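Some notes on the structure that comes next.
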Amino acid sequence: MSIETEQTTVARSARKFKALRWWMLALFLLGITINYITRNSLGILAPELKVSLNMSTEQYSWVVAAFQLAYTLFQPLCGWLIDVIGLKTGFLICATLWALVCMLHAGAGSWMQLALLRFFMGGAEAAATPANARAIADWFPKKERPIAAGWAGVGFSVGAMLAPPIIVVAHLTLGWQGAFLFSGALGLIWVVLWWRFYHAPQQHPNLSQQELELIREDNEPDLPKLPFFTSLARLCRDKKFYGIAIPAFLAEPAWAVFSFWVPLYLATERGMDLKQIALFAWLPFLAADIGSVASGYLTNLYRKWFGFQRINSVIASSVTGAFLMLSLTLVAVTKDPLLAIALISIGGFGHQVISCMLSALVVESFDKNQMATVNGMRGSCAWIASFLFSLLIGAVSDTVGFGPLFVAMGFFDLIGALFLIALLAERRAKKP
């Protein structure tokens with residue numbers, strides 16, 4: 001018996017799991033959760049790192065910006081890599097790199113060394129956003145993708161939610177160096193799980209033929225893989241891409257503030273210590289988790305109540321999130337720190353509705369052989385804004401405070417919603 005025949009026999013005889021696509025999504029989400037624990041460790045440890053490494057607020061902004069710059073530059077490349085060599089291998093390589101670099105943070109002796117490490121870590125972690133689109137496209141039929149995109153967004157926010165208590169406990173036990181080592185080690189453990197249990201649908205030994213047919217029932221055909229610059233050139237000529245990229249650009253500054261600046265804001269403007277930050281800083285990300293899950297189901301409500309087509313229902317869900325972002329404008333005027341956290345949490349809910357629905361629009365609007373590349377380009381546009389906004393915060397927050405910045409973030413997404421409607425909304429119902 002040949003090796004290929006033997007492998008096929010083993011695959012056919014392997015135990016089949018019901019709803020395996022959701023288990024694969026859960027495995028992917030675990031990786032994204034750890035991704036966000038590793039990246040948000042910097043923001044949680046920022047107050048101590050500023051003292052230990054003698055950093056000013058402006059120097060800290062450059063450390064944050066180094067990560068954001070690399071994340072911006074490498075997202076399209078990581079997306080193209082995943083489109084070409086596959087989700088399993090591409091994401092495994094990137095996850096291994098980001099886990100190892102996170103552990104190397106423990107040896108940083110200056111803010112410049114820390115900035116260099118953050119740059120390399122950002123380049124590896126840039127695979128998360130494009131991998132998200134590819135996982136949804138590979139494992140879900142079109143009718144389930146908005147809901148899957150909502151659940152996929154949970155990984156991005158639950159990691160940020162878990163980071164404060166996990167990193168603070170690791171810090172109290174092991175010091176700030178140990179906190180970086182611990183979070184990096186979590187990444188390596190997940191790499192082993194991904195290598196062992198993840199396979200593409202057509203190769204997975206535990207996927208039933210019935211579920212494989214469900215996944216493929218309205219799925220796109222496999223198209224030729226495109227060279228990197230050919231793929232980018234096609235995107236730049238497509239107005240649908242700008243309908244996603246511009247709202248992403250306007251949405252991301254808020255998430256950058258939640259991830260990298262809220263702990264410092266709570267310490268400097270609200271007078272909280274590290275334990276108090278750990279007690280409250282996770283709440284916006286809990287709200288973001290709820291927003292992620294709610295976003296996909298919200299599309300179903302718009303289709304049921306208003307008869308929207310699938311694209312328009314996804315857009316309507318995103319516009320709803322944009323209106324919720326107005327809560328951030330009130331952060332600038334409230335005196336109560338707990339109310340400020342509640343308002344930021346509403347913004348976290350709204351942002352993640354927008355983010356998940358932009359991912360869903362990528363999957364709905366582009367061919368399968370470009371999905372990871374498109375989502376990588378979307379992410380690059382978002383992180384350009386994140387990079388610039390972090391530098392702005394570092395330059396002005398010590399003099400004008402965070403208030404005007406929260407006001408600006410509250411209105412950015414409403415502007416993005418106008419582009420979303422203008423460039424992507426369907427003007428007339430399609431015939432079935």
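The structure displayed is predicted, hence computed values, not measured ones.
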(Q) Atom CG of residue position N54 - does it have more than 12 heavy atoms of other residues, nucleotides or ligands inside 6.0 Å? (A) no

Q) Mind checking whether R310 and R145 have side chains closer than 4.5 Å, heavy atoms only? A) no

**Q.** Aromatic plane relationship, Y71 with F67 - under 30° parallel, 30 to 60° tilted, over 60° perpendicular
**A.** parallel

Q: Check whether more than 12 heavy atoms from other residues, nucleotides or ligands sit under 6.0 Å from atom OH of Y265, and answer yes or no.
A: yes

**Q.** Working for side-chain contact (heavy atoms from CB on, under 4.5 Å), residues V331 and F402
**A.** CA-CA 9 Å; V331 175; F402 282 83; over 6 Å; no

Q. So, do R216 and Q202 sit near enough that their side-chain heavy atoms are less than 4.5 Å apart?
A. yes

Q) Are any side-chain N or O atoms of H204 and backbone N or O atoms of L20, one a donor and one an acceptor, separated by less than 3.5 Å? A) no

Q) In this structure, are over 12 heavy atoms from other groups packed under 6.0 Å from F308 atom CZ? A) yes

Q. Out of F120, Y36, F91, which residue meets the ring pair (Phe, Tyr, Trp, His ring centres under 6.0 Å) rule with W98?
A. F91

Q. For the ring pair F140 and W151, is the centre-to-centre distance below 6.0 Å?
A. no

Q) Taking the side chain from W111 and the backbone from L53, do they hold a donor-acceptor pair closer than 3.5 Å? A) no

Q | Over 12 non-hydrogen atoms of neighbours within 6.0 angstrom of OH in Y198 | A | yes

Q. So does E144 pair up with R21, basic N to acidic O under 4.0 Å?
A. yes

Q | Pair S355-W255, side-chain contact (heavy atoms from CB on, under 4.5 Å): steps then yes or no | A | CA-CA 10 Å; S355 182; W255 193 248; over 6 Å; no

Q | From CA spacing to verdict: side-chain contact (heavy atoms from CB on, under 4.5 Å), L343, T334 | A | CA-CA 9 Å; L343 292 168; T334 182; 4.3 Å; yes

Q.
How about CH2 on W22, more than 12 heavy atoms from neighbouring residues, nucleotides or ligands closer than 6.0 Å, or not?
A. yes

Q | Partner set under ring pair (Phe, Tyr, Trp, His ring centres under 6.0 Å) for F249, not counting sequence neighbours | A | none

Q) Under 3.5 Å, side chain of Q309 to main-chain N/O of E426, donor-acceptor pair present? A) no

Q) Is the backbone of A200 close enough, under 3.5 Å, to the side chain of K88 for a donor and an acceptor to pair up by distance? A) no

Q: Could you tell me whether a side-chain N or O of Q113 sits under 3.5 Å from a main-chain N or O of G109, the two making a donor and an acceptor?
A: yes

Q) Does a donor on one side chain and an acceptor on the other come within less than 3.5 Å for K50 and T57? A) yes

Q. Under 3.5 Å, is there a donor-acceptor pair linking the side chains of E125 and T38?
A. yes

Q. Side chains of S359 and R378: is there a donor and an acceptor less than 3.5 Å apart?
A. yes

**Q.** Any residue meeting salt bridge (charged side-chain N to carboxylate O under 4.0 Å, His left out) with R118, in chain and number order, not counting sequence neighbours
**A.** none

Q) Which pairs count as side chain to side chain donor-acceptor pair (under 3.5 Å) when at least one residue sits in residues 314-326, sequence neighbours excluded? A) Y302-T320

Q: Supply the atom-to-atom distance I136 CD1 to I147 CD1, rounded to the nearest 0.5 angstrom.
A: 12.0 Å

**Q.** Residue pair M24, F28: steps toward the side-chain contact (heavy atoms from CB on, under 4.5 Å) verdict
**A.** CA-CA 6 Å; M24 290 298 99; F28 175 77; over 6 Å; no

